Amino acid sequence: MPMDFQILDADYEVVNDSGPVIRLFGRGADGKSVCCFVPDFEPYFYLKASGDLHAVARLIKDTFEQVKKVEIVEKFEPVGYQKTKKEMLRVTTRLPKDVPEIRDEILKIRDVLRAEGDWQVYESDILFRNRFLIDRALGGMVWVSAEGKPVDPVRYLGAGSAWRSRCENFACDSAVLASGLKRVENLAIAPLKYLAFDIECLPLDGGMPSPDVSPIIMISFSFEPEYKGHKTLILLAKPAAGMDGDVLSCMDETEMLNKFFEIICEYDPDIVAGYNHQDFDIPYITERVKALVAKGETINSVVGRDGSPIGYRKFGLITRTEMKGRVVVDALPLVRRAFSLKQYTLRAVSKELLSREKLDVPPLEMEEHWNDSGDKFRKFVDYARRDSELALELVLELRLLDKYIALAQVSGSLLQEIVDGGQTSMVETLLLREFGLKDRVILPKPGDELSAERYDMSSDLKGGEVLEPKKGLLENVLILDYKSLYPTIMMAHNLCYTTVVTRDRPDGKTIKPPSGGEFVPPEVFRGIVPSILEDLLNKRGDTKKRMKRTSDENEHRVLDATQLAIKILLNSFYGYSGYARARLYSLTLANAVTSFGRSNILNTRDLINGRIGKIVLRNSAALLLEEAGKLSPQDRIVELSVAYGDTDSVFVHCKAKGDLSLEEVSLVGNRLSEIVSASLPDPMELEFESVAKRALLIAKKRYALWLFEPRNSGWENKIKVKGMETVRRDWCELTSITLNRVLEFVLIEGDVDKAVEHVRKVVSDVRNLDPGKDAGIIEKLVLTRTLTRKADSYKNKQPHLTVAENLKKRTGIMPSIGTRIPFVITAGKGLFVDRAEDPDYVRENNVPIDVDYYVKKQILPPVERILEVFGVKMSSLDFDAKQKGLFDFEVKKPEAKKQEKSSSQKGTNGKILEKAPEEKARYSENGRVEQRSLFDF
DNA sequence: TGTCTCGCCTAG
DNA sequence: TAAGCTAGGCGAGACA
């Protein structure tokens, strides 16, 4: 009976003397956890050598006992168009670990032979498990069907060897020795088991706990699905009576830790979740176990499906943990990547994303709570329980893993690699697979020296073109953008590592990008990257079609994650080509892509401004002037001009006599998309995205749009803000609330006076703050910034550094690099940086706030940047509290703007505004809805 | 006082 | 075994 399962993890084990055996860990559709052994896969790498290859091959075979065979094969080199393949050696070793060893020794052979010329090793640094997955066209979260016989892992791997103890702990419902293995197409996701945990330590004096001295006193679990009827379970390191059924008390810490590991193995989770457990809990437990064992305690710390113990490794600042056969998922980095928040403490994140409160016990009171046996103790237990609940909820309710699972399936990398890492492993997996199929070898990862060299060069990589915006308020602006610009450029112009002309010259013409360099056309050699991209693009199209067809919510979600994953992958290849640590790095390629991009957007602008210029609307058709022929009085002429553009987008301002309806503007948008797309090589395409009824352009990368998008019934409208202070986390909420309100007045109501009035009110309210009564206001005055480096490597003073150092003085704990530090500016003299202070400290100690700073530096400058477009002066917005209401503000409107304003108050928008007021603009930031209240206290 | 540079965050 | 890329605005410290 073949066994179907989804691949969660893979590695290999050496079975006695018979060579390596691949192990695939997975979960079957029936819910059983599976370990599948695959023998007969051999490690190998390639060598390009000079001289008599037969002699080199013989010498390698004779010199190294670990070499099983050396074959002469024909391969293309990794980079550059080549007319013919080259003879190389394929060296097969007995064990995976022999590959790096022999690679390091191999240049000695060259010396022995006194060979001249270029020797180069290829694909010698691919992890064996990845080599297997790539060569067999398998990958992470892929379904496979295994033929073979059931085996007992203990007998199969064990046989009295050093693996014995591991094997005895081997955990899976069924193990199989595969004789055949094939990939199965299946959209479903196996019934995965999720476990989240969180530990509580008892620190000395409320400081940072240290595993040598501070015991772990509680561990909380959350399970999905339940574990023996428990959704949560809390382990205590002391006997306790009268607790609820989800609390398990142990005699001491050692017993608790043993229970912890036992439950993990018994529950047998696929996903081990936590919040910052990768950096804190797992290393802490590991070190604590070491410390206890050193004291003579006995702890069996198995967590892996193969019986391996808990552990972690540090690479510079980054900690990596591994649980064989499972996937360690830390919700913290996932949330960071998925949501732009002011802070990423579990408290802030739970509140913001789950609308749930974290419970808390301050470190200084922990000892007291722990030693209590009544309410305080129960409160402590509940606090522990809540933390693991929240971690699991973050992963499940926010569906944080959907995207990563889809990325694994599409790219072929293992889920753990994708959750941990960036785009590199995914791109490399795809490249290795396709290069392999086309007989092309791939370079090893560059060393530090080469990377540094490349890094210095990378200033030679030019990016996208940003058009100077027509600053001010415009009506009827079309938003168009290029669909997957860089990938489609690579496809359209056959840009690839394999098509760039380096040594061999093709016979015919070449493709010459504006940045220089030459690439062969697809007729001569179809680039591998373009063909990967084409596959991905097609797959994405199919996925989107299936999404439209399905009515099943679950399937829809999986398909949506898949198309999103494909989009991410499509866009990863360009970045990878300019990445200094890439196996395949080519500035020529990267520059070719962006240079085509730049000339493309400039051409588009000129095409729209110049050759197209105007569009004639006649009988619901949008015509070019030349198509329209003789104009009649009923024709409406729309004048076009590009108002802004960034890399792959163009904003087109439409002007006509009288008002334009959304339908009319859309006709123009669709026609423009057609005309421009037709002028481009396949598959490049300019897409008509949406209509902005009004657009406020402030500067490059700073604008706000009042967008209208067609929906089943009429038009849906929203305000979209880019780059301005409302979307920046280093400005306070007071700024974003005020600015959002100003934008609403200006964009939706077209009423500058109301905006001015509003700002005056806010300023006056702030100036008249009663710190006693309005304590809650501090929340709205908090700015945050990321601590990005060590304290001593800052050249200038920084407010968040000041605060971080204050925190260190007070608590002894320096926030770690990467933490977002909240702060407010307090009253006093001197530099702002010196007056930055921790908001909690300010609240607790009633430290006065620098009101003037908030008015002059937080509210007014961003507001002024908007209102100065309408001739409003800053001086009219601020006044001392004492002078309140003594003079009137002054608004001076330029004629043109005045016209726009008045036309917008009636006319076109009459209809829209009637329909819109209640479902007015929503500021969607990560899909959340911004509070609409102004400044309520 | 004006200019330069650092630092951060965002757009795409 | 750390890490896709560049363009760009803006505040405020540093420095002449």
Side-chain angles (χ1 to χ4, degrees), chain A residues 100 125-127 130 313-322 333 340 342 416-417 420-428 445 448 451 454-455 458-469 481-482 484-486 568-585 587 589-591 593-595 597-598 601 644-650 698-703 720-731 783-789 793-802 817-818 820-821 825 830-834 836 853 856-858 861-862 865 925:
Chain A
D125 58 350
I126 319 281
L127 289 181
N130 290 344
R313 278 188 279 181
K314 274 209 141 105
F315 304 105
L317 294 167
I318 277 176
T319 316
R320 282 282 119 92
T321 56
E322 191 182 72
S340 171
K342 286 207 160 187
Q416 185 75 67
E417 280 178 27
D420 284 349
Q423 301 169 7
T424 311
S425 91
M426 299 187 285
V427 172
E428 290 185 344
K445 285 198 170 140
D448 289 346
S451 307
R454 288 174 176 181
Y455 195 78
S458 70
S459 58
D460 301 345
L461 176 50
K462 294 267 163 291
E465 178 76 28
V466 186
L467 305 179
E468 193 58 47
D481 55 35
Y482 282 91
S484 304
L485 180 69
Y486 287 173
I568 293 170
L569 282 174
L570 277 169
N571 288 314
S572 298
F573 281 83
Y574 151 71
Y576 179 82
S577 70
Y579 170 46
R581 301 197 89 106
R583 291 170 188 277
L584 296 179
Y585 169 82
L587 272 192
L589 173 59
N591 266 320
V593 176
T594 56
S595 71
R598 289 191 299 277
I601 192 174
Y644 179 58
D646 185 346
T647 311
D648 58 358
S649 66
V650 264
I698 299 296
K700 282 180 175 179
K701 298 189 187 285
R702 286 179 179 231
Y703 60 84
K720 188 179 189 179
V721 183
K722 291 289 185 182
M724 304 202 313
E725 290 73 8
T726 51
V727 298
R728 293 185 63 93
R729 292 171 290 180
D730 48 359
W731 290 77
L783 296 81
T784 62
R785 285 181 116 186
T786 306
L787 197 63
T788 58
R789 56 193 77 184
S793 44
Y794 278 100
K795 288 187 179 163
N796 294 349
K797 289 183 172 186
Q798 297 294 333
H800 54 309
L801 179 62
T802 309
I817 292 173
R820 293 193 67 90
I821 313 283
I825 303 296
L831 298 175
F832 295 131
V833 278
D834 298 324
Y853 169 83
K856 290 220 173 85
K857 301 290 179 178
Q858 285 286 316
R865 274 192 281 275
E925 210 184 307

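Because the structure is predicted, anything quoted here is derived from the model rather than measured. In what follows, chains carry the letters A, B, and so on, assigned in the order in which the sequence lines appear, proteins first and then strands, with residues in each chain numbered from 1.
Looking at heavy-atom distances under 4.0 Å, R789(A) makes contact with sugar-phosphate atoms alone, never a base. Within the nucleic acid shown, G575(A) comes within 4.0 Å of at least one base atom, counting heavy atoms only. No contact: R598(A) has no heavy atom under 4.0 Å from any strand. At a threshold of 4.0 angstrom between heavy atoms, the contacts of K701(A) include nucleobase atoms, whether or not backbone atoms are also involved.
Computed from coordinates, the Q798(A) CD to dC6(B) P distance equals 12 Å when rounded to whole Å. Protein atom CZ of R728(A) is 12 Å distant from nucleotide atom P of dA12(C), rounded to whole Å. In this structure, R820(A) atom CZ and dC8(B) atom C1' are separated by 9 Å, rounded to whole Å. Y794(A) places its OH atom 15 Å from the P atom of dG13(C), with the value rounded to the nearest Å. Summarising the geometry, the separation between NZ on K445(A) and P on dG4(C) is reported as 10 Å, rounded to the nearest angstrom.
Evaluation of atom-type donor-acceptor distances gives a pair under 3.5 Å for the side chain of R313(A) against the base of dT1(C).
Each end of the helix from dT1(B)-dA16(C) to dG12(B)-dC5(C) gets its own rotation axis from five pairs of C1' atoms, and the angle between them is 10° to the nearest 10 degrees.
Taking only side-chain nitrogens and oxygens, T786(A) never comes nearer than 4.0 Å to OP1 or OP2 of dC8(B).
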